[in-house]
There are 2 protein chains.
Amino acid sequence: MLDDLKSGETLDQACPIRDVLDRIGDQWSLLVLATLAPGVKRFSQIEREIGDVSKQMLSKTLRRLEQDGFVAREVHAEVPPRVEYRLTPLGHSFLEPMRGLIRWAEANQGAILAARGRAATA
Amino acid sequence: MLDDLKSGETLDQACPIRDVLDRIGDQWSLLVLATLAPGVKRFSQIEREIGDVSKQMLSKTLRRLEQDGFVAREVHAEVPPRVEYRLTPLGHSFLEPMRGLIRWAEANQGAILAARGRAATA
DNA sequence: CGATCTGGTCACTGTTCGAGACCATCGACA
DNA sequence: TGTCGATGGTCTCGAACAGTGACCAGATCG
């Protein structure tokens with residue numbers, strides 16, 4: 001799409017990247033997916049690992065990821081209740097291209113920080 | 001990082017991916033970068049191409065992308081004023097890994113839509 | 001003498017987000 | 001018997017944030 005975009009075209013809502021990125025581009029979705037990458041985890045385990053996510057947002061994020069087919073939710077009828085989350089094949093396949101982005105982020109963080117610093121003093 | 005994350009570790013703020021994605025993961029940044037991919041564009045041209053971005057958000061987004069070194073801003077002292085935006089080398093290099101993600105989005109949009117439909121009827 | 005075009009900014013409003021209280025249920029403990 | 005803690009959430013409240021539309025300056029066109 002990036003290459004196909006000519007001057008004058010509009011980037012309307014039919015654009016799939018837009019739909020997908022609106023979902024996973026929020027503050028928490030990607031973090032949750034990354035947390036689930038190594039395997040099955042429970043709600044409070046994810047909460048602890050991310051650290052500064054509120055229960056509300058974690059709950060909402062997980063529900064949306066489940067609806068979009070990225071994660072699967074399994075409830076065990078025990079007391080206290082146990083709920084397990086795991087990535088679906090779709091979720092795993094999504095992490096593939098994400099790794100490229102993550103590598104870029106690690107490699108270029110310095111450049112961004114430098115630009116930011118330059119902008120601050122300018 | 002995804003592979004390095006073991007159970008029990010926390011995903012704190014030092015994580016570079018987190019910093020980077022908080023910036024480009026918002027509603028508009030990526031769209032602006034994509035719009036600028038083919039070459040230099042003016043403010044209102046970007047506005048028109050994206051279609052449903054408000055001037056305020058576009059202004060804010062461009063300023064942040066500029067601060068982070070993704071785009072360069074050039075003001076021509078004319079009347080009416082002309083302001084041009086272009087990707088920096090950093091901006092272009094960022095689009096590299098993004099293309100992988102975009103391809104994934106295009107390839108898997110159907111699966112997501114299907115999952116979403118299944119969730120809605122369930 | 002207006003209208004218009006550009007790149008913004010400002011005030012107002014509606015949506016969203018985080019913090020923290022609250023809930024139901026069971027076992028452990030005193 | 002009483003109550004305390006753990007789990008996976010939901011509810012409410014105030015704060016922060018995003019979108020809408022008005023406004024601005026300065027020159028040129030009719």
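None of these values were measured; they are calculated from a predicted model. Letters A, B, ... are given to chains in the order of the sequence lines, protein chains preceding strands, and every chain is numbered from 1.
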Between protein and nucleotides 12-21 of chain D, map the contacts as a letter string: B base, S sugar-phosphate only, - none, heavy atoms under 4.0 Å, written 5' to 3'.
B-----SBB-
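Toward the 5' end of DNA chain D, the nearer of the two residues A/S59 and A/V79, judged by each one's closest nucleotide, is A/V79.
With contacts defined as side-chain heavy-atom distances shorter than 4.5 Å, the pair A/F70/A/L36 does not qualify. You'll find the side chain of B/L62 reaches within 4.5 Å of the side chain of B/F43, heavy atoms only. Inter-residue side-chain proximity for B/L101 and A/L21 is flagged as met; some heavy-atom pair is nearer than 4.5 Å. Contact check for A/V53 versus A/L31: no side-chain heavy atoms found under the 4.5 Å cut-off.
Ring planes of A/F94 and B/W104: perpendicular class, angle over 60° (limits at 30 and 60°).
Closest approach of A/Q67 and B/A119 over heavy atoms only: CG-CB, 3.8 Å.
If you take CH2 on B/W28 and OG1 on B/T35, they are separated by 10.5 Å, rounding to the nearest 0.5 Å.
In this structure, A/K60 does not pair ionically with A/D26, as no charged nitrogen and carboxylate oxygen lie closer than 4.0 Å.
Note: CG (A/L58) to C1' (D/dT10) measures 13 Å, nearest angstrom.
In summary, contact between chain B and DNA chain C, defined as any nucleotide atom under 4.0 Å from a heavy atom of the protein, begins and ends at C/dC5 to C/dA11 in the 5' to 3' direction.
Direction of the helix axis in the helix from C/dC1-D/dG30 to C/dA30-D/dT1 shifts by 30° between the two five-pair termini, rounded to 10°.
B/V79 and B/V75 are members of different hydrophobic clusters when ILVMFWY side chains are connected at heavy-atom separations under 4.5 Å.
Without hydrogens or angle criteria, A/S44 side chain to A/E47 main chain gives no donor-acceptor distance under 3.5 Å.
Between B/R82 and D/dG26 there is no side-chain N or O to OP1 or OP2 distance below 4.0 Å.
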